[in-house]
Amino acid sequence: MTDSAENERPSRHFIEVEIDRDLAEGRVQAVHTRFPPEPNGFLHLGHAKAICVDFGLAAQYGGLCNLRFDDTNPSKEETRFVEAIQEDVRWLGFDWGERQYYASDFFEQLYAFAEALIGAGDAYVDDLPVAEIRAQRGGPGVAGTESPFRSRSAEENLRLFRAMRAGEFQEGHCVLRAKIDMAHANLLMRDPVLYRILKAPHHRTGDAWCIYPTYDMAHGQCDAFEGVTHSLCSLEFENHRPLYEWLVQRLEVPFRPRQIEFSRLNVTHTVLSKRRLVELVEEGHVDGWDDPRLPTLQGMRRRGYPAEALRSFCARVGVTKVTSTAELSWLEDAVRSELNRTAPRRMAVQAPLRVVVTTIGEDEVIRCEAVDNPEDPSGATRPVELRREVLIEQDDFLEDAPRKFFRLRPGGSVRLRYGPVITCDEVIKDADGAVVELRCSHDPRTFGGVTPEGEKKVKGIIHWVAAATAEEVPLWTFEPLFMDPNPAALEDWRSDLNPTSRTEGTLWVEPAAAEAAPGETYQFERLGYYRADPAAAGLRFLRTVTLRDTWAKEQGKSS
RNA sequence: UACCCCGUGGUGUAAUUGGCAACACAACUGGUUUUGGUCCAGUCAUUCCAGGUUCGAGUCCUGGCGGGGUAACCA
């Protein structure tokens, strides 16, 4: 998927520069990438960036992008994750055609490569226990120690490796290691493990195998099998690149792919690591993987973040090697600007205050025309019925209003959105002095946005619903999951969880919104964007994001 | 401490072969508006530091300083 803005972008990021060079020098004829998730969890916003880069770059160069499940660790992977990932990638707007692969498609070829390595004296079977291997790897600035099994003959290694495959050893009894250099400055080059024994059923190959390649043994070779030219991944794989190249140059691969790393996405007030997300879900801090507070694709989709907004957000974030953190407001801006274009407007009241318009008769019904979306050139409208009793927002009335408050006050006037101007004649309070009702009169000359000749225009316009026809609907509103901008850096992130990340309330909506189909998104005027929760039994609105509120900001300053 | 990567406004990115530091978000001003929304205009930077090369350095060179990653039989 490419958008034209992408093509018009004047400058090129460093990966594009590399690709241009590869093309110009004839190293590749076309661009082929892949998105390689491990099916051990759900996709999140960080993956969305990777997906946009992988698929986006391929599309931009008229090339292809594969979907590849990196399933080399059967103890963690499940089919349900495969299905969820497919759905998420499609929802984000990308298509891998027929090119869906699994690392496990290539287990037999990878095994043959391992034997080839053994034959060439580049790999050996090591009987050292895990702890021993770890200890002998040395450390930063400290050379490792060679394993006593390092000098086994190719014949013996081959016999042992075949015995490993045949299931003759217990899990952990031995591994296949690359024979590189135990003193290498890059710890990953100190005879990395290539194959290990794992007696766990694999979600696709069942019990056909009891030895599995490690990430390093599998990834680059799978890239080669699939014809991937540019293997794009995140920065933490930088140190793996020498190993990637070591393998790809030593093995008889059909093509030598190339790994390029870019920085992963961080966003303020949330966490984007699979481990943290698992903890949030499993410890019950949220209600599941599709909890609208989560930055998972399922959570954001449910909440109402459009795929288009996520794509434009990822495009704006850019592609670099700098460790950086995008502000949450960026994401919200992307969501708002998309929804502003597309969401039909409706009216709803969150905290109602009863207003009796005394100049409207008991059974009188006044039809007003409301614009569905001012951003939509079609100018479609819908009727809304004004009656004697309406509900307005409590916040839209203040007894002792400051000068710049241009909503309703005693004796003051406001316009009812799409309706007439009303004036507050009387304030009715209960025994405790709380305002419970307003009595107002309306000016029939002011319908249709009209201000009579020579009279002063009212500055305030407030939303409302007719009390008789409004329907009360459950509402969930959200705040960031974490209060700290960078929860990932916290020693005790649990104590930073925002206790009001979800608030349950109600919304009084106009009839035209009460029949919302699941998944439908509206802008409730002056409040925000709301989506009918597709996961709710009945109708429930989720507040996707509020509107920008400069008045609230102003108040925050003075208080 | 070993190796790898990275330092441009509050944030994220730009800046042709070395040539007026640009865009977006945020913040702050103001204008328009039947949403205090949208839209429009304006304000907000000694390019980590120190030397050097040059008529001219964010860009090139040297040396510092700072940040991140890496020591799973995870990916």
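Sequence lines set the chain letters: A, B, ... in the order given, protein chains first and strands last, and positions in each chain run from 1.
For A/E327 against B/G10, a side-chain-to-base donor-acceptor contact under 3.5 Å is present. No hydrogens or angles were tested; on distance alone, nothing pairs the side chain of A/R336 with the base of B/G37 as donor and acceptor under 3.5 Å. If you check distances only, the side chain of A/R345 does reach the base of B/U35 with a donor-acceptor pair under 3.5 Å.
Following rounding to the nearest Å, A/R415 (CZ) and B/G37 (C1') show an atom-to-atom distance of 17 Å. Taking atom CG of residue A/N340 and atom P of nucleotide B/G36, one finds them 14 Å apart after rounding to whole Å. Atom CG of A/N486 is separated from atom P of B/G68 by 10 Å (rounded to the nearest Å). Taking atom CG of A/L328 as the reference point, atom C1' of B/G12 lies 14 Å away to the nearest angstrom. For the pair A/L398 CG and B/G36 P, the interatomic distance rounds to 15 Å; values are reported in whole Å. Distance, A/L243 CG to B/C4 P: 16 Å, rounded to whole Å. B/A27 atom P lies 11 Å from atom CD of A/E332, rounded to whole Å. Whole-Å rounding puts the A/W464 CH2 to B/U34 C1' distance at 13 Å.
With sequence neighbours excluded, no residue forms a salt bridge (charged side-chain N to carboxylate O under 4.0 Å, His left out) with A/R543. By the side-chain contact (heavy atoms from CB on, under 4.5 Å) test, A/A135 is found to be paired with no residue, residues two or more places apart in sequence or in another chain being considered. With sequence neighbours left out, A/H202 forms a ring pair (Phe, Tyr, Trp, His ring centres under 6.0 Å) with A/F107, A/Y212. Scanning for salt bridge (charged side-chain N to carboxylate O under 4.0 Å, His left out) contacts around A/R21 gives A/E18, with sequence neighbours left out. In terms of the salt bridge (charged side-chain N to carboxylate O under 4.0 Å, His left out) criterion, A/R137 has no residue partners (sequence neighbours excluded). For the side-chain contact (heavy atoms from CB on, under 4.5 Å) test, residues two or more places apart in sequence or in another chain that qualify with A/N186 are A/H184, A/L188, A/M189, A/N239, A/P242. Considering only residues two or more places apart in sequence or on other chains, A/T423 meets the side-chain contact (heavy atoms from CB on, under 4.5 Å) condition with A/S413, A/D425, A/S441. Remark: A/P402 engages A/L398, A/F405, A/W551 in a side-chain contact (heavy atoms from CB on, under 4.5 Å) (not counting sequence neighbours). For A/R165, the salt bridge (charged side-chain N to carboxylate O under 4.0 Å, His left out) partners two or more places apart in sequence, or in a different chain, are A/E108.
The side chain of A/W551 sits closest to B/G36 out of B/G36, B/A26, B/U11. Picking from B/G7, B/G10, B/G36 the nucleotide with the shortest atom distance to the side chain of A/I461 gives B/G36. Closest to the side chain of A/H13, out of B/C25, B/G36, B/A14, is B/A14. Here the side chain of A/T320 is nearest to one of B/U13, B/A15, B/G10, namely B/U13. Nearest to the side chain of A/S324, among B/G36, B/U13, B/C4, sits B/U13. Nearest to the side chain of A/K321, among B/A26, B/U34, B/C6, sits B/C6.
Separating the C1' atom of B/G30 from that of B/U17 is a span of 43 Å, rounded to the nearest Å. Taking atom C1' on both nucleotides, B/G68 is separated from B/C28 by 33 Å, rounded to a whole Å. For the C1' atom pair drawn from B/A41 and B/U33, the interatomic distance equals 15 Å after rounding to whole Å. B/U46 sits 32 Å from B/C4 when the C1' atoms are compared, rounded to a whole Å. When the C1' atom is compared between B/A22 and B/C65, the two are found 28 Å apart, to the nearest whole Å.
At the heavy-atom level, A/S337 lies nowhere under 4.0 Å from the strands shown. Contacts of A/T268 with the nucleic acid, taken as non-hydrogen atoms under 4.0 Å apart, are absent. No contact: A/G144 has no heavy atom under 4.0 Å from any strand. Using a 4.0 Å heavy-atom distance criterion, A/Y212 is classed as making no nucleic acid contact. Looking at heavy-atom distances under 4.0 Å, A/R177 makes no contact with the nucleic acid at all. Residue A/R316 is classed as a sugar-phosphate contact, given heavy-atom separations below 4.0 Å to backbone atoms only. Among the atoms of the strands shown, base atoms are found under 4.0 Å from some heavy atom of A/G141.
Side-chain atoms of A/P36 and A/H219, non-hydrogen and from C-beta on, do get closer than 4.5 Å to each other.
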Base, backbone or nothing for each nucleotide of nucleotides 69-75 of chain B, written B, S, -, heavy atoms under 4.0 angstrom, 5' to 3'? BBBSBSB
Fill in the dot-bracket string of RNA chain B, one character per base: . for unpaired, | for a pair to another strand, ( ) or [ ] for pairs within the strand, taking Watson-Crick or G-U pairs under 3.5 Å. .((((((..((((.....[..)))).(((((.......)))))....(((((..]....))))))))))).....
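Under a cutoff of 6.0 Å and an axis angle of 45°, A/R204 and A/Y102 form a cation-pi pair.
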Could you go through nucleotides 18-22 of chain B and list every protein N or O atom that sits under 3.5 Å from one of its N or O atoms, giving the distance for each pair?
none

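Aromatic rings from A/F237 and A/Y244 are positioned such that their centres are separated by 6.0 Å or more. The distance between the ring centers of A/F113 and A/F225 falls below 6.0 angstrom. Ring to ring, A/F313 and A/Y305 are not that close: their centroids are 6.0 angstrom or more apart.
Between A/D333 and A/K404, the residue anchored closer to the 5' end of RNA chain B is A/D333, taking for each the nucleotide with the nearest heavy atom. Of the residues near RNA chain B, A/F14 and A/F405, the one whose nearest nucleotide (by heavy atom distance) lies more toward the 5' end is A/F14.
The side chain of A/T323 places no N or O atom within less than 4.0 Å of a non-bridging phosphate oxygen (OP1 or OP2) of B/C6.
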